[in-house]
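Okay, so here's the structure we're looking at.
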Number of protein chains: 2
Amino acid sequence: MRDFMDVIKALADENRVRALMALRGRELCVCQIIELLGLAPSTVSRHMSILKQARLVVSRKQGRWAYYRLAADSATPDAREALVWLQARLSTDQVVRADTRRLLTILRTDPETLCRSQCQARGALS
Amino acid sequence: MRDFMDVIKALADENRVRALMALRGRELCVCQIIELLGLAPSTVSRHMSILKQARLVVSRKQGRWAYYRLAADSATPDAREALVWLQARLSTDQVVRADTRRLLTILRTDPETLCRSQCQARGALS
DNA sequence: TCCTTATTTCGCCATATGACGAAATATACC
DNA sequence: GGTATATTTCGTCATATGGCGAAATAAGGA
């Protein structure tokens, strides 16, 4: 029950669900998820750690960048089935479709440039 | 997405999940769910209304009693699949098994007696 | 070593959620 | 109609959650 509830609670936030859907079939750098969701880096980092704790994603650190991808082997049965369900139900969802389109643009920019522009944008606010 | 999130959020509470599992294959009176979960009537009523809004259960009023059961035809695809998943994942869960056992005892008492004893128990506290 | 920068952790705030009891509602029974 | 009672609604409270910015951490490059 505990594992199951951890998975369900991890899914109980639209931004986390959008992040999971964005990770379908590809790995994403944190800055790319930040760009997609339009949230503060600290917020996205927290969301990803919740997904990780529920065994829905795994992370990998390469140089300064952290990459997340959907958990496969390391996912618990609960997590694995949740991911299957998510994809079955939401692949055709409007929000997810829009994210998928926007992701194409985001992926065209390399992480280096993306992070730089995010830092500048934050600097411009203060 | 909205429907999907409604379903997920409805599942994101252990007491609601326990209530859904208790409703497998049978209809239950509110007082029976109150007895099972050990929560205040108002709390259980609120939980059931959240499950109802997510289309996971339907209710029926007969006399003074309100009965809830799992939604079948009236469930959205999201809700229906969630129920299937729940049962697949949690049928062997320890908490659910314990509830199932306790439910057998509860079902042996008729609702009338059950409600009366609940009223008395609440009266005894004040 | 020092500097830059991507990410995470922490502290704080606003809102959401789940709990209860009291009051309102609905329905049977006299 | 009036009373008893099962359930729901409402008000309140404590805690959980999600958001941000600032500071800490980690890792590459000068």
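All values below were derived from every heavy atom in this structure, side-chain atoms included, with hydrogens, water molecules and symmetry-related copies excluded. Proteins come first, then strands; the chains are lettered A, B, ... in the order of their sequence lines, and each starts at number 1.
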Rounded to the nearest angstrom, tell me the gap between atom CG in B:D6 and atom C1' in C:dA16.
14 Å
Would you say D:dT8 has OP1 or OP2 under 4.0 Å from some side-chain N or O of B:Y68?
yes
Would you kindly give the CZ-to-P distance between A:R46 and C:dC12, to the nearest whole Å?
16 Å
Contacts of type ring pair (Phe, Tyr, Trp, His ring centres under 6.0 Å), residue A:F4, not counting sequence neighbours:
B:W85
Kindly write out the residues that satisfy side chain to side chain contact (heavy atoms under 4.5 Å, CB included) with A:K61, not counting sequence neighbours, or none if the list is empty.
none
Residues in side chain to side chain donor-acceptor pair (under 3.5 Å) contact with A:Q32, at least two apart in sequence or another chain:
none
Could you check how far CG of B:L39 sits from C1' of D:dT8, rounded to whole Å?
16 Å
Quick one: does B:T43 reach the base of C:dG18 with a side-chain donor-acceptor pair under 3.5 Å?
no
So, does A:S45 get its side chain near the phosphate of C:dT8, meaning an N or O under 4.0 Å from OP1 or OP2?
yes
Apply salt bridge (charged side-chain N to carboxylate O under 4.0 Å, His left out) to A:D6 and list each qualifying residue two or more places apart in sequence or on a separate chain.
A:R2
Any residue in residues 47-64 of chain A with a heavy atom nearer than 4.0 angstrom to DNA chain D? Just list them by number, or reply none.
A:H47, A:G63
Give me the residues of residues 9-26 of chain A where at least one heavy atom lies under 4.0 Å from an atom of DNA chain D, by number, or none.
A:D13, A:N15, A:R16
